[in-house]
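Read through the structure below, which is laid out as structure tokens, and then see the notes.
All of these numbers come straight from a predicted model, not from anything done at the bench. Both ligands and their constituent atoms are indexed starting at 1 by order of listing.
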Amino acid sequence: MARYELVKRSVALITLTNPPVNALSSAVRHAMAKSMEQALNDPKVTAVVICGENGRFCGGADIREFAGPLRGPPLVPLLDAIEAGEKPVVAAIEGVALGGGFELALVCHYCIAHFKARLGLPEVTLGILPAAGGTQRLPRLIGIPAALELITTGRHISAQEALKLGIVDQVTEQNACEVAVEFALRAVAKPLSSRRVSMLTTPCPPDLDALLEVVTMEVKKKARGVMAPLACIQAVRAAATMPYSKGIKRESELMATLFNSGQARALQYCFFAQRTAGKWTLPSGAQWNNSKPREIRSAAIIGLGTMGRGIVVSLARAGISVIAVESEKKLLETGKQMVIGMLERDAKRRGVSASLNLLKFTLSLQDLKDVDLVIEAVFEDMALKKRVFQELSKVCRPATLLCTNTSGLDVDALAGVTDRPHLVVGMHFFSPAHVMKLLEVVCGPRSSSETIATAMSLGKRMGKVSVAVGNCPGFVGNRMLKPYLDQATFLLEEGATPEQIDKALEDFGFAMGVFRMSDLAGLDVGWRIRKESGLTGPDVDPKNPPRRRHGRRYCPIPDMVCEQGRFGQKTGRGWYMYDKPGGTNAKPDPLIQNLLEMYRSRYAIQPRNISDKEIIERCLFALANEGFRILEDGIAARPEDIDVIYLFGYGFPRHRGGPMFYASMVGLERVLERLEHYHQAHPDVPHLEPSPLLKKLVACGSPSVQTWREHIKTMHSHL
Ligand code: CAA
Ligand code: NAI
């Protein structure tokens, strides 16, 4: 857990050895305490160097241990003792120094960092704060404004930035450990008092209160309802206004409040869920760690519309050469200019050069014969997509993977028209594709494990969070969206307004309520789909009662909004009104209010007062209920996968953990009881009928979300 060696006859080299990130588990803390004691007591030792095995200094506390009671020596006294020691201690940072690892570096009297190292205090992203003195030492070392920024955002910084801020003393391209040993030898005779950061006075700006106020407002705006950044600000205030001994107590009190909050549990769950989601398994036994992905050097995108452009940018940014295909010259030229502009802006922002030499634009599918992989992103039209796949099947070499970005059509039906159904897979990106991190990899029944592995690995290479899902209408994300949207419009019928529903969802933590989000995405897309599927427009069966389709409740208000040419932000009118087409400042529109009133009086609906609680329960429990059905059907393998999809694709608030984790936090019994209640009140809404899996889990005593998998007995898994 920590290796102790004497090097250069007088330097104690302590190496943290807890792969993969040398986290400060109880065993590591114990070993470190012992090694430090040995170093400080051995008269031969004149200086100490602390480093981490395998080129990684330390990834911080062992997050897995947060779930249980504290074991082993606590970190704060251990770090205080290192700082107070009379022998110089040098941190040799390679790889990462994060969280407790960064705090360990802060108590060392000197820091040497490898030029590729990254440092940061990401605790806030786990719902806690840097409680091993980080909130007290960092402001003393780099000042309040810079410390506030790092602590409240959890941003990782480069070694160069750390040098500029005064966090590290030297950046090296050599082996940091060897440089640190030489440095330590030179430091032996130097006084240490000025190197003990806790003894420094915090440089305090004259307008401290005003500064803290501004940061508080910013944090509240960015992370609505999230506790940890606010507690971080309070802890930093303590560093500015209290001596270290009192500040560290304040830090610890704030930590205790956060540590026991549901938000910390949710955020820590998200950390592990994100890492679990990449670990896919098929019923055949093929899985992430026994299936080899193919190497992808070249790709092609068909269709340079909203999605195609973003996908081209994502691929080029990952160093893959891309051929982009359009159907007409003018569209090709427009798409090309847009892609180039996007790539140039992106490169400028990241301080690198745009990889324009990787791009080729064409009108001919014949140019695709040698590419390794194709992603189709033409209109959402099955007949068109089938034609494209048939053509690709003829043109591309037999080993080329054929992928579709369809947002909900049958991937297997597309596979069926090709000569290589095993090489067909869905790669469902989210808009805008070069920004959104989620990728649903849709596994058809005939997709081979190599094909799935390749799509998952390509997603990772593009910086996406890839989740393998089964093939059904809407897959996971869009399938679950339907009951959520339905509940929102039913609530409108019953008496709520778009702004009331949005406010309740935004207060819950969504960046945007459902109606503002729909205005942003464009209302015409869903309207076209509803018309094509005969739910509205001239093809509706006249025998249908007005607010029912296929024997279920149907709300025609979204269709009525579209019939007025209100397609959302792009037309300047939607559920809200905007200053101009393309405007983003949403204001409640009296015309929508009138439309709702007329609608209710036409159908003799007596509007009632609807509470925020009902809005949240109906929208989110219906969402989670569909998630349970998806698990039952084997379309998603784990609740973690569903949660990751909602966190990264649909803006579900991270501090709530995702819809399935949220349901578990509310209590499955309570979710079941509320769904039964709402279903009784609305028997014509099947989405409110509790799923058998939810009932089964409640009958099993509502086990923790991490163990649901054991209770999911699917008839046949689609994964
Ligand atoms: N504790 C426990 N496990 C950790 C961990 C930690 N601090 N950091 C990473 N891991 C685990 C991951 O869960 C993963 O496990 P599996 O292989 O079983 O999935 C494995 O280590 C590798 O992690 P990644 O897949 O994330 O590897 P990466 O190379 O992509 O990234 C990393 C490495 C940048 C260190 C990243 O893992 C990371 O950001 N870790 C968390 C860092 C962090 O938040 N530290 C603060 C902890 S809280 C704290 O320190 C409080 C305090 O004040 C004492
Ligand atoms: P879009 O309408 O913006 O772009 C489609 C493009 O395909 C157009 O530029 C069109 O000219 C081109 N095209 C049509 N037929 C072609 C052909 N035979 N050869 C070459 N190009 C052709 O559509 P969008 O929004 O980009 O959607 C594309 C696909 O991505 C659809 O399947 C959609 O369901 C899916 N999708 C869309 C999302 C969105 O938010 N817009 C999100 C996720 C998936």
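- Of all protein heavy atoms, the one lying nearest to atom 54 (C) of ligand 1 is Ala61 CB, 3.5 Å.
- Contacts between Arg387 and ligand 2, counted as non-hydrogen atom pairs separated by less than 4.0 Å, are absent for every part of the residue.
- Nearest protein neighbour of atom 2 (C) of ligand 1, counting heavy atoms only, is Asp62 OD1, 3.2 Å.
- For the pairing with Val469, the side chain to side chain contact (heavy atoms under 4.5 Å, CB included) check across Val441, Ile645, Asp641 returns one residue only, Ile645.
- Backbone and side-chain nitrogen or oxygen atoms of His156 are examined, and none is located within less than 3.5 angstrom of a nitrogen or oxygen of ligand 1.
- For ligand 2, the atoms sitting less than 4.0 Å from at least one non-hydrogen atom of Thr306 are 3 (O), 25 (O), 26 (O), numbered in the order shown with element in parentheses.
- Remark: ligand 2 atoms within the under-4.0 Å shell around heavy atoms of His428 are 43 (C), 44 (C).
- Side-chain contact check for His428 and Glu440: at least one donor-acceptor pair (N or O, by modelled atom type) lies under 3.5 Å.
- Counting heavy atoms under 4.0 Å from ligand 2, residue Phe430 does not touch it at all.
- Inside a 4.0 Å radius of atom 30 (O) of ligand 1 there is not any protein heavy atom.
- Residue-to-ligand polar distances place Ser407 within reach of ligand 2: an N/O pair is separated by less than 3.5 Å.
- Ring pair Tyr650/Phe510: centre-to-centre distance not below 6.0 Å.
- Of the polar atoms of Leu98, none of the N or O atoms is found under 3.5 Å from an N or O of ligand 1, judged by distance alone.
- Of the N and O atoms on the side chains of Thr276 and Glu640, not one donor lies less than 3.5 Å from an acceptor on the other residue.
- Nearest protein heavy-atom contact of atom 39 (C) of ligand 2 is Met307 SD, 3.6 Å.
- In this structure, the side chains of Phe648 and Lys464 stay at 4.5 Å or more apart for every pair of heavy atoms.
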- Step by step, work out the side chain to side chain contact (heavy atoms under 4.5 Å, CB included) result for Ile142 and Leu150. CA-CA 10 Å; Ile142 65 172; Leu150 291 187; 4.1 Å; yes
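- Checking Gly99, Pro122, Gly133 against atom 43 (C) of ligand 1, the nearest heavy atom belongs to Pro122.
- Residue contact check: Ile302 has heavy atoms under 4.0 Å from atoms 19 (N), 20 (C) of ligand 2.
- Of the protein's non-hydrogen atoms, Glu380 OE1, 2.5 Å is the one closest to atom 32 (O) of ligand 2.
- Using a 4.5 Å heavy-atom threshold, the side chains of Pro130 and Ile151 count as touching.
- With a heavy-atom cut-off of 4.0 Å, Val21 touches ligand 1 through its side chain alone.
- The shortest N/O to N/O separation between Val96 and ligand 1 does not fall below 3.5 Å.
- Residues Thr15 and Glu53 bring no donor and acceptor atom of their side chains to less than 3.5 Å of each other.
- Distance alone, capped at 3.5 Å, places no donor-acceptor pair between the Glu251 side chain and the Ala235 backbone.
- The option with the heavy atom closest to atom 52 (C) of ligand 1, from among Gln268, Lys460, Glu123, Lys279, is Glu123.
- For the pair Arg118 and ligand 1, the shortest N or O to N or O distance does not fall below 3.5 Å.
- Close approach to Arg64 involves these atoms of ligand 1, each under 4.0 Å from a residue heavy atom: 13 (O), 15 (O), 18 (O).
- Nearest protein neighbour of atom 35 (C) of ligand 2, counting heavy atoms only, is Asn405 O, 3.3 Å.
- The N/O atoms of Leu331, backbone and side chain alike, include none that comes under 3.5 Å of an N/O atom in ligand 2.
- Atom 14 (C) of ligand 1 has its closest protein heavy atom at Arg275 CD, 4.2 Å.
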- Task: Test ring pair (Phe, Tyr, Trp, His ring centres under 6.0 Å) on Phe259 and Phe66 and set out the steps.
- Result: CA-CA 9 Å; Phe259 199 78; Phe66 287 177; 5.4 Å; yes
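- For atom 53 (O) of ligand 1, the closest heavy atom belonging to the protein is Glu103 OE1, 2.8 Å.
- Looking only at protein heavy atoms, the nearest one to atom 45 (N) of ligand 1 is Gly59 O, 2.9 Å.
- Closest protein heavy atom to atom 33 (C) of ligand 1: Arg56 NH2, 3.7 Å.
- The part of Lys385 lying near ligand 2 is the side chain, judged by heavy-atom distances below 4.0 Å.
- For the pair Leu126 and ligand 1, the shortest N or O to N or O distance does not fall below 3.5 Å.
- For atom 43 (C) of ligand 2, the nearest protein heavy atom (residue, atom name, distance) is Phe429 O, 3.1 Å.
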- Derivation of the side chain to side chain contact (heavy atoms under 4.5 Å, CB included) call for Phe389 and Lys386: CA-CA 5 Å; Phe389 270 71; Lys386 277 189 174 170; 5.8 Å; no
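- Under 4.0 Å from ligand 1, the heavy atoms of Ala131 that appear belong solely to its backbone.
- Contact annotation for Thr404 and ligand 2: no heavy atom of the residue comes within less than 4.0 Å of the ligand.
- Taking 4.0 Å as the cut-off, Phe271 counts as a neighbour of ligand 1 on heavy-atom distance.
- Distance from atom 1 (N) of ligand 1 to its nearest protein heavy atom, with residue and atom name: Ile63 N, 2.9 Å.
- Proximity of Thr276 to ligand 1, defined as any heavy-atom pair under 4.0 Å, is not found for any part of the residue.
- Given atom 12 (C) of ligand 2, the protein heavy atom at minimum distance is Glu326 OE2, 3.2 Å.
- Nearest to atom 22 (C) of ligand 2 among the protein's heavy atoms is Val378 CG1, 3.5 Å.
- Residue nearest to atom 21 (O) of ligand 1, selected from Ala132, Pro20, Ala97, Gly100: Pro20 (by heavy-atom distance).
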